[in-house]
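Only this structure's heavy atoms are used, side chains among them; waters, hydrogens and symmetry mates stay out. In the text below, chain A, chain B and the rest are named by the order of the sequence lines, each starting its count at 1. Just so you know, these numbers come straight off a predicted model, no measurement behind them.
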There are 2 protein chains.
Amino acid sequence: MAKTQHLDSTEELKSKKSKSERTAERLYEISIDQFLRRGFDQTTMRDLAQAAELSPGAFYYHFPSKEAVIQRFYEQTFAQFAEAAREAMSAHERFEARYMGLLEARLSTFRSSRELLIVLSRTAVDPRSTLSPFGPDQKEIREATIDLMRECIDGSDLSAHAKLRPYLPELLWMYMMGLIFYWVFDTSPEQKQTRELIRLLTPQIIRLIRFSRIPLTGRVLQPLFQVLQLVIPEPLALRQDSNKSTSRE
Amino acid sequence: MAKTQHLDSTEELKSKKSKSERTAERLYEISIDQFLRRGFDQTTMRDLAQAAELSPGAFYYHFPSKEAVIQRFYEQTFAQFAEAAREAMSAHERFEARYMGLLEARLSTFRSSRELLIVLSRTAVDPRSTLSPFGPDQKEIREATIDLMRECIDGSDLSAHAKLRPYLPELLWMYMMGLIFYWVFDTSPEQKQTRELIRLLTPQIIRLIRFSRIPLTGRVLQPLFQVLQLVIPEPLALRQDSNKSTSRE
DNA sequence: GGCATAATTTAAACACGTTCAAAATAAGTC
DNA sequence: GACTTATTTTGAACGTGTTTAAATTATGCC
């Protein structure tokens, strides 16, 4: 964000990336490689600097902190996830299949780096941390993910009570976040327990959403709507400027 | 744990506490005082040692880490909470009133030290951390808390499906843990938002529990019971040795 | 009371993430 | 091409939680 880059030199059009960006990219790759090989806590900044044949100080010129590398990783895998999710969703119209595909896409793009997510989780719980999915620093990724939930709903056969509908993207997002959290700390072999949990619980959640249309449940639903309004005061769907990718040159 | 203490000297019967325990107690009090005054991160071990007129090394003789002080604090307030909860519960028979009293007791015994809980939460999310409420190190407090939930149910008018009943203490405990978590990071003035959330959501949760007895909901409940069995494979109520305080001399 | 052993304390060091003033290098300008 | 400016790198330091070998003090025993 806020990178003042003038695309007027021919070299930049060719290589597309400044020297600084290339160095940052190199540092990132070396770091992730080391983290996966030796663990996040076990890898020191001096290790990273040495592996990159650089001084620790230079590292801090390109990254504000050790954890910021994980932040970049998080952004990176999000792109993969979004792509995989969209492909999975394009194959189905039934909401259950679409959403299950989305969840599967999320876990499989995380699979190879569960340990990094543990590190992320540790700091991410504090909403004041820059790594928190709920904080302002992650707004972009968060809203993009919530928008992915909207896509998942929009192309599907899912029906729900009109009052519930605007909250659905956020709710599905929260459900996914909870599952990721469960998965990260799931010690069962290959995290089969989370798989089983998803298989059992998700259809019931969806069933409840569909049930919301039945009028007689009104007396139960009324207070739950109040809860939704309290916890999600401004759902993305009800925002003014919900313009998507209108990049103006 | 595993403190080899021989109660055969008259002095120990009188003072009840060894020198080591008294020093630890003093360090604890000084530390909490400093933490509340200056914040956990802002207080260094050298500060604590200086305030206690001791060396940093001595501190580590009595506490394994800086965070271990918070662990002790957590144990301490649990006792206060249990007492306050029991008193609140003794005044009512209706489950809703009893449980609300319990929740109120938990939050009010934490109120004066919300910032310490933020620190606790940060490390507590990782189940491998000693501070995690889900890990083996916290087993004692956790099970005592779950047992408090059982007390809350036992003396009340709450009815539920027979298959659900053994899971209720754990479920109520999890609900409370979630609320505490929400409360800790609730930035609304005096955490009124959490208060409101509790007021709105809790009655609905209880209503759902009561509804579980209605047979026609079986088709929804069946998969949910499977989820419960998966997430809570060994509820406290179904353990063999659920003997409570049978201290044998 | 003297002595072996254990408990407690010390002060210096360690290892870590991070910062910073200064040096080195690259880019831009006339 | 020389000069200025911006970018990048360095390496030594800082401040932190924690460890440790050694010194000190208390305890138990005959």
Colleague: If only side-chain N and O atoms of A/Thr44 are considered, is one of them under 4.0 Å from the OP1 or OP2 phosphate oxygen of C/dA15?
Modeller: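 So the side chain of A/Thr44 is outside the cut-off, no N or O lying under 4.0 Å from OP1 or OP2 of C/dA15.
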Colleague: From CZ of A/Phe63 over to P of D/dT8, roughly how many Å is that when rounded to an integer?
Modeller: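 Rounded to whole Å, this separation is 13 Å.
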Colleague: Would you say A/Tyr60 places a side-chain N or O within less than 4.0 Å of OP1 or OP2 belonging to C/dT19?
Modeller: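 No, outside the criterion.
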Colleague: So A/Leu103 and A/Tyr175, do their side chains get closer than 4.5 Å, heavy atoms only?
Modeller: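 With C-beta onward as the side chain, the pair touches.
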Colleague: Could you give the CZ-to-P distance, from A/Arg22 to D/dT8, as a whole number of Å?
Modeller: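 Computing the A/Arg22:CZ to D/dT8:P distance gives 10 Å.
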Colleague: Quick one: is A/His62 getting a side-chain N or O under 4.0 Å of the D/dT9 phosphate, OP1 or OP2?
Modeller: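 Affirmative; the distance criterion is met.
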Colleague: Grab the CZ-C1' distance between B/Arg38 and D/dT16 for me, whole Å please.
Modeller: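 Whole-Å distance recorded here is 14 Å.
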Colleague: Without decimals, in angstroms, what is the distance between A/Tyr61 OH and C/dA23 C1'?
Modeller: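 Interatomic distance, OH of A/Tyr61 to C1' of C/dA23: 15 Å.
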Colleague: Which one, D/dT9, C/dT10, D/dG17, comes nearest to the side chain of A/Leu54?
Modeller: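 So the nucleotide nearest the side chain must be D/dT9.
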Colleague: Between A/Gln50 (CD) and D/dT9 (C1'), how many Å, whole number?
Modeller: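 These atoms are roughly 17 Å apart.
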Colleague: Nearest-Å distance, CD1 (B/Ile70) to C1' (D/dG17)?
Modeller: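 For the pair B/Ile70 CD1 and D/dG17 C1', the rounded distance is 14 Å.
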Colleague: Please state whether the rings of B/Phe134 and B/Trp173 are parallel, tilted or perpendicular, taking 30° and 60° as the class boundaries.
Modeller: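 Geometry flag for B/Trp173 against B/Phe134: perpendicular rings.
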Colleague: Checking all strands, does B/Ser55 fall into the base, sugar-phosphate, or nothing category for heavy-atom contacts under 4.0 angstrom?
Modeller: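 Since a base atom lies under 4.0 Å of B/Ser55, the category is base.
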Colleague: Would you say the side chain of B/Arg46 and the base of D/dG17 hold a donor-acceptor pair, judged only by whether the two atoms sit under 3.5 Å apart?
Modeller: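 Check passes, donor-acceptor contact within cut-off.
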Colleague: Would a distance-only check, ignoring hydrogens and angles, find a side-chain to backbone donor-acceptor pair under 3.5 Å from B/Tyr99 to B/Thr202?
Modeller: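 Flag not set: sc B/Tyr99 to bb B/Thr202 has no pair under 3.5 Å.
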Colleague: Can you check the B/Lys66 NZ to D/dT19 P distance for me, whole Å?
Modeller: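 Going from B/Lys66 (NZ) to D/dT19 (P), I get 14 Å.
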Colleague: Report the residue (B/Phe59 or A/Glu67) whose heavy-atom-nearest nucleotide on DNA chain C is the more 5′ of the two.
Modeller: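 The answer here is B/Phe59.
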Colleague: Would you say the side-chain atoms of B/Arg38 and B/Gln34 include a donor-acceptor pair closer than 3.5 Å?
Modeller: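 There is such a pair between these side chains.
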Colleague: Is there a salt bridge (Lys or Arg N to Asp or Glu O under 4.0 Å) between B/Glu25 and B/Arg72? Walk through the geometry before answering.
Modeller: CA-CA 10 Å; B/Glu25 180 67 24; B/Arg72 180 150 176 165; 2.6 Å; yes
Colleague: Rounded to whole angstrom units, what separation is found between the CD atom of A/Glu53 and the C1' atom of D/dT9?
Modeller: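 Taking atom C1' of D/dT9 as the reference, CD of A/Glu53 is at 14 Å.
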